[in-house]
Amino acid sequence: MAVFKPLGRVEIFINIWYDWNRKSGFAKEDIVSRNIAETFELLFDKNNNVAYRALQELQKESIETDCVYPYMDRLSEMLDSDNSYIRTRGLTLIAYNAKWDKDYKIDEIIDNYLKHITDVKPITARQCIKLLPIIAKDKPELKDDILSALHKANICIYDDSMQPLVYKDIQKALKEIEKL
């Protein structure tokens, strides 16, 4: 017996949009571009499940193409959000677009990015730390800045229960980056 998983808002939107545009004669590139724009806006949806699905879609696209790279300025702005979920989404997509960074946008914002190693929210800090090896791999000129920030990180700001976790994340990131 087949089990069908209901589609979420992102999948429904993409399917409807694709069908409508296919019938309207838009080029595939136009469809992808418009879908990226719409999906990008879903990163700010009040429903965190919808926003997370949008993040997953954009992350997947960022692995394969540079279609999210034009949003780097918006992603950089997300790092200053009061909402830790939005900060984390920005951190993630910036890291996944490091390999496409032909305009050195990450170089310009690296200090702000590295501040999130000790983000006020430990979960955001942990995500930031785990993403740093991706940036170091794709942006080797930033490796020393990243290593320095990891070595200087003061994890005493976190509760005793979180400190060991953040410490382990930092040690793992350091090992991965030093191997590059």
Side-chain angles (χ1 to χ4, degrees), residues 8 10 39-64 66 68-69 71-101 103-180:
V10 173
T39 305
F40 190 88
E41 293 308 317
L42 291 175
L43 289 172
F44 304 94
D45 198 282
K46 292 194 186 306
N47 181 332
N48 284 322
N49 292 326
V50 169
Y52 182 68
R53 297 285 291 159
L55 172 64
Q56 289 177 312
E57 290 292 322
L58 295 173
Q59 202 172 335
K60 182 178 151 197
E61 285 295 327
S62 296
I63 291 168
E64 299 169 8
D66 67 349
V68 178
Y69 182 74
Y71 296 89
M72 285 296 283
D73 292 335
R74 298 258 331 261
L75 293 172
S76 298
E77 292 169 6
M78 292 168 70
L79 300 183
D80 297 322
S81 174
D82 291 337
N83 184 317
S84 64
Y85 292 118
I86 292 175
R87 290 195 304 275
T88 301
R89 293 174 204 137
L91 291 164
T92 302
L93 290 173
I94 288 169
Y96 275 82
N97 280 276
K99 66 180 164 186
W100 311 113
D101 189 20
D103 299 324
Y104 303 99
K105 291 187 179 265
I106 294 176
D107 301 54
E108 295 171 12
I109 59 120
I110 193 64
D111 290 337
N112 191 26
Y113 193 101
L114 295 174
K115 288 178 186 173
H116 295 283
I117 291 172
T118 54
D119 192 278
V120 66
K121 295 287 189 176
I123 301 301
T124 301
R126 294 188 72 201
Q127 284 303 117
C128 174
I129 294 162
K130 291 174 184 179
L131 292 164
L132 290 172
I134 297 171
I135 295 176
K137 176 180 161 277
D138 293 326
K139 306 281 294 176
E141 67 274 16
L142 298 177
K143 180 179 172 182
D144 289 339
D145 292 335
I146 294 168
L147 289 171
S148 175
L150 286 168
H151 283 294
K152 292 178 183 174
N154 178 9
I155 61 170
C156 293
I157 64 170
Y158 300 119
D159 290 341
D160 291 344
S161 62
M162 289 304 293
Q163 285 182 25
L165 299 173
V166 176
Y167 178 80
K168 285 178 188 175
D169 292 337
I170 289 173
Q171 295 308 306
K172 183 177 180 186
L174 286 168
K175 284 179 188 170
E176 287 181 39
I177 294 167
E178 288 167 352
K179 287 180 188 176
L180 298 174

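Starting from 1, each residue takes its place in the sequence as its number. Because the structure is a prediction, the values reported are computed rather than measured.
Inter-residue side-chain proximity for Arg126 and Leu165 is flagged as met; some heavy-atom pair is nearer than 4.5 Å. Contact annotation: the side chain of Arg74 approaches that of Glu41 to within less than 4.5 Å [non-hydrogen atoms, C-beta and beyond]. No side-chain heavy atom of Asp111 sits less than 4.5 Å from a side-chain heavy atom of Asp145.
Going from atom CD1 of Ile110 over to atom CG of Leu142 covers 5.0 Å, rounded to the nearest 0.5 Å. Atom CD in Glu141 sits 9.0 Å away from atom CD1 in Ile146 (nearest 0.5 Å). A distance of 11.0 Å separates CD of Gln56 from OG1 of Thr92, quoted to the nearest 0.5 Å. In this structure, the separation between CD on Glu61 and CZ on Phe40 is 14.0 Å, given to the nearest 0.5 Å. The line from CD of Gln171 to CD1 of Ile129 is 10.0 Å long, rounded to the nearest 0.5 Å. Tyr85 OH to Leu55 CG: the interatomic distance, rounded to the nearest 0.5 Å, is 13.0 Å.
In terms of modelled atom types and a separation under 3.5 Å, the side chain of Asp159 and the main chain of Ser161 share no donor-acceptor contact. A side-chain donor-acceptor contact under 3.5 Å links Lys143 to the backbone of Leu180. Judged purely by atom type and a 3.5 angstrom limit, Asn83 uses its side chain to pair as donor or acceptor with the backbone of Ile86. For Tyr69 (side chain) and Asp101 (main-chain N/O), no donor-acceptor pair under 3.5 Å exists by modelled atom type. Side-chain atoms of His116 never come within 3.5 Å of backbone atoms of Thr124 as a donor-acceptor pair (strictly under, hydrogens ignored). In terms of modelled atom types and a separation under 3.5 Å, the side chain of Arg87 and the main chain of Asp82 share a donor-acceptor contact.
More than 12 non-hydrogen atoms from other residues, nucleotides or ligands lie less than 6.0 angstrom from CZ of Phe44. For Lys99, the NZ atom sits in a packed shell: over 12 heavy atoms of surrounding residues, nucleotides or ligands are nearer than 6.0 Å.
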After noting the C-alpha distance and the side-chain angles of Ile123 and Thr88, does the key distance pass the side-chain contact (heavy atoms from CB on, under 4.5 Å) rule?
-> CA-CA 9 Å; Ile123 301 301; Thr88 301; 5.9 Å; no
Apply side-chain contact (heavy atoms from CB on, under 4.5 Å) to the pair Leu93 and Ser62, showing each step before the final yes or no.
-> CA-CA 8 Å; Leu93 290 173; Ser62 296; 4.2 Å; yes
Go through the steps to decide whether Ile106 and Asn97 satisfy the test side-chain contact (heavy atoms from CB on, under 4.5 Å), and finish with yes or no.
-> CA-CA 9 Å; Ile106 294 176; Asn97 280 276; 5.8 Å; no
side-chain contact (heavy atoms from CB on, under 4.5 Å) between Leu131 and Tyr113: does it pass, once the steps are laid out?
-> CA-CA 11 Å; Leu131 292 164; Tyr113 193 101; 3.6 Å; yes
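In this structure, Leu174 and His151 approach most closely via the heavy-atom pair CD2-NE2, 3.7 Å. Ile170 and Leu150 get closest at one heavy-atom pair: CG2-O, 3.8 Å. Contact between Asp45 and Ala51 at its shortest, heavy atoms only, is O-CB, 4.0 Å. For Asp103 against Glu108, the heavy-atom pair with the smallest separation is O-OE2, 4.1 Å. In plain terms, the two heavy atoms of Leu43 and Arg89 that are nearest each other are O-NH1, 2.6 Å. Ile117 and Tyr158 make their closest contact through O-OH, 3.8 Å (heavy atoms, listed as atom of the first residue, atom of the second, distance).
A salt bridge does not link Glu176 with Lys130: none of the charged nitrogens is closer than 4.0 Å to a carboxylate oxygen.
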